[in-house]
Amino acid sequence: MTDLTTLGIAAIRDGVRDGQFKAREVAEAFNAKVASAKALNAFLVETPEHALAAADAADAARAAGETLKPLAGVPIGMKDLFATKGVATTAASKILEGFVPPYESTVSQNLWNAGAGMLGKLNLDQFAMGSSNETSAFGNVISPWRRPNDTAPLAPGGSSGGSSTAVSAGLAPGATGTDTGGSIRQPAAFTGISGIKPTYGRCSRWGTIAFASSLDQAGPMARDVRDCAIMLEAMAGFDAKDATSLKLDVPNWEAALSADLKGKRVGVPKEYRVDGMPAEIEALWQQGIAWMRDAGAEIVEVSLPHTKYALPAYYIIAPAEASSNLARYDGVRYGLRDLPEGAGLQDMYAATRAAGFGDEVKRRILIGTYVLSAGFYDAYYTQAQKVRTLIARDFERAFEQCDVLLTPTAPSAAFALGEKQADPLAMYLNDVFTVPASLAGLPAMSVPGGLDKDGLPLGLQIIGKPLDEQGVLNAGLAIEQRAGFTARPQAWW
Ligand code: GLN
C-alpha cells in the first residue's frame, strides 16, 4: 500500500471520499511521522487524539452516506500563533508558557468546521518575529534540507518555520501560517513548498496572537497550488469578531484553477533587481518569466519606484504595532508571572516582561516605543505611514499595466542556523522582496521554482491585485506545471 504520508490534501480528501483508505489510517500515519521527527523540533505540542477524532468523524460520516466536508479526513499542522481551545498556545514565547486558551481562533475553527483535524501546534519565531525560527523560546526548528555532504543545520525560514518544515518533511499534508512581512512566503521558498498570503482581511485575525495588526494575515502552506487553494477556501471568510474582516463571499478558488495565462499580463518590477542578489536567483527569475510566456502571458516591465523604502518602513510600522499589541503581557492576565518577594505592581510588570520576552521581541518593543514616542513620532512613524501609502500607490499604478507581478521570493536560499543571528539587519534584509506586498495588503504566493547549486530550493513570488487570489493561484499553477519541482529532503532525522 502507498505510504499515506506522501499524499497531499486533495489526494487525501479524494481518497477518503472514494473509500481508497480510511481517514483514521491517514491520521495514524501522520501521527506516527510526527512522533518520529522530534529531531526537527517542528512541533511544540502534539495532538494525535485531535487528528484521530476528526478522522473518525469523517469515516463515520462516510459510513452513514453523508456528503463529506471539504477537508474531511485531512490532518493539518497549526502554527502556534492560533489560539486553540484547551491546547497550549505560546507563540513560542516564555511569557505565554502555560497558557491554555479557553477559546478557539476563527481560522482554526473554520478548519475544524471543514472537517480537518489537528496533528499539533507548530513552532515559530517568537511572536512571529524573525526569518529563521531562531527567536523561538523553545529551540529553533531545523530545516529537513541539508547541503550535500554537509550536516550544518539550515534555517527553515521564518516565522512559520515549523509549518514549512512539517509540510516539507512530510509530517503534515498542509499547515497554517501567518504572514506579517513574509512569514508564509519565505519559509515556503526555503523548504520547497507553496504558500499563499491572501488579501489583508480575507482571513479573520480573531484569536490569532497579534504581532502587527495592520499587516498580520493567515494563509495556508502546502505541497502544491491546488492544496493551497483548498485550504485557503476553508480558512477564509467574513467574521464579525474582526473589524478588519472583509464582508465578502469566499470564491471557489480550486474549481477555477487554470494554468492558461492567455490574455494575462505579467509585470516584472525592475526595482527588485537588487545589488548583491546571487546569479542563481536572477537566473531563476528569468526562467520564471520564460515559463509565464510559455503559459500564454505577455511580459511587461513595470516600475515600483518606492521599493527601496519598503523595508525601513516595515521595520518601523511592524515594531510600532507590536509594542502596542504586546503591552497586554503584564503578568496579570496570561501565562508567566514573575512576582519577586515584596514587589509592587510595576516591579511585577518589569520582572515578568524581562523574564518572559526573548531578545528579538524586546528589540522590537524598544524600536516600536521609540518610533511612537512624542519627540520622534512624526520623524519615524508618520513618515513610515506616508511611505506605506506611496508603496500601495506604486502597486496600483503597476496593476494598470499588468495582472500579476513576478519576483523572486527571497534574495537567497536557506542560510545556515547561526549565520545571521548576530546581525539583526542582515536578517531583516532577507525580507526585502516579501515586505512590499504586506504593506500594500496584497495577495502574494511563493511556489518552488528550482534548486540552487547546493541542491536547496528557491521560490518564485507572485503578487496580485487586491482580492485576486485566483490570478495569483493560476499564475502559481502555471509555474508549478513547468517547474516540475519534485525534490524532497532526504530523511536524516
Ligand atoms: N521576518 C519578518 C519579521 O521578522 C516577517 C515576520 C512575519 O511575517 N511574521 O518581522
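Both counts, for ligands and for their atoms, begin at 1 and track the order of listing. If you're wondering where the values come from, they're calculated on a predicted model, not measured in any experiment.
With distances taken over non-hydrogen atoms, the option nearest atom 4 (O) of ligand 1 out of E360, M427, R364 is R364.
Of all atoms in ligand 1, listed by their number and element, those nearer than 4.0 Å to a heavy atom of D179 are 8 (O). The atoms of ligand 1 that sit less than 4.0 Å from any heavy atom of A128 are 6 (C), 7 (C), 9 (N). Each of the atoms 9 (N) of ligand 1 lies under 4.0 Å from some heavy atom of S159.
The shortest N/O to N/O separation between G181 and ligand 1 falls below 3.5 Å. Here's the thing with F211: none of its N/O atoms is less than 3.5 angstrom from an N/O atom of ligand 1.
Protein heavy atom closest to atom 5 (C) of ligand 1, with residue, atom name and distance, is Y314 OH, 3.3 Å. The protein non-hydrogen atom at the shortest distance from atom 3 (C) of ligand 1 is Y315 OH, 3.2 Å.
Between the side chains of S446 and Q461, no donor N or O sits under 3.5 Å from an acceptor N or O.
Proximity of G158 to ligand 1 is not established, as no heavy-atom distance is less than 4.0 Å. Ligand 1 is approached by G182 to a heavy-atom distance shorter than 4.0 Å.
For D431, every heavy-atom contact with ligand 1 shorter than 4.0 Å involves the side chain, none the backbone. Residue contacts with ligand 1 for S183 involve both N, CA, C or O and side-chain atoms from C-beta outward (heavy atoms, distance under 4.0 Å). Here Y428 has no heavy atoms under 4.0 Å from ligand 1, in either its backbone or its side chain.
Ion pairing between D179 and K197 fails under the 4.0 Å rule for side-chain N and carboxylate O. A salt bridge is defined here as a Lys NZ or Arg NE, NH1 or NH2 lying under 4.0 Å from an Asp or Glu carboxylate O, and D216 with R205 fails to meet this definition. Salt-bridge annotation for E254 and R226: present, with a side-chain N of the basic residue lying under 4.0 Å from a carboxylate O of the acidic one. Comment: R333 engages D330 in a salt bridge, judged by a side-chain N to carboxylate O separation of less than 4.0 angstrom.
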>> Y103 vs W206, test: ring-ring contact (aromatic ring centres under 6.0 Å, His included). Steps then yes/no.
In response: CA-CA 10 Å; Y103 54 86; W206 194 82; 5.6 Å; yes
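Side-chain atoms of E97 never come within 3.5 Å of backbone atoms of L336 as a donor-acceptor pair (strictly under, hydrogens ignored). Although no hydrogens or angles enter the test, the distance criterion places no donor-acceptor pair under 3.5 Å between the side chain of Q126 and the main chain of S93.
The line from NZ of K79 to OG of S164 is 10.0 Å long, rounded to the nearest 0.5 Å.
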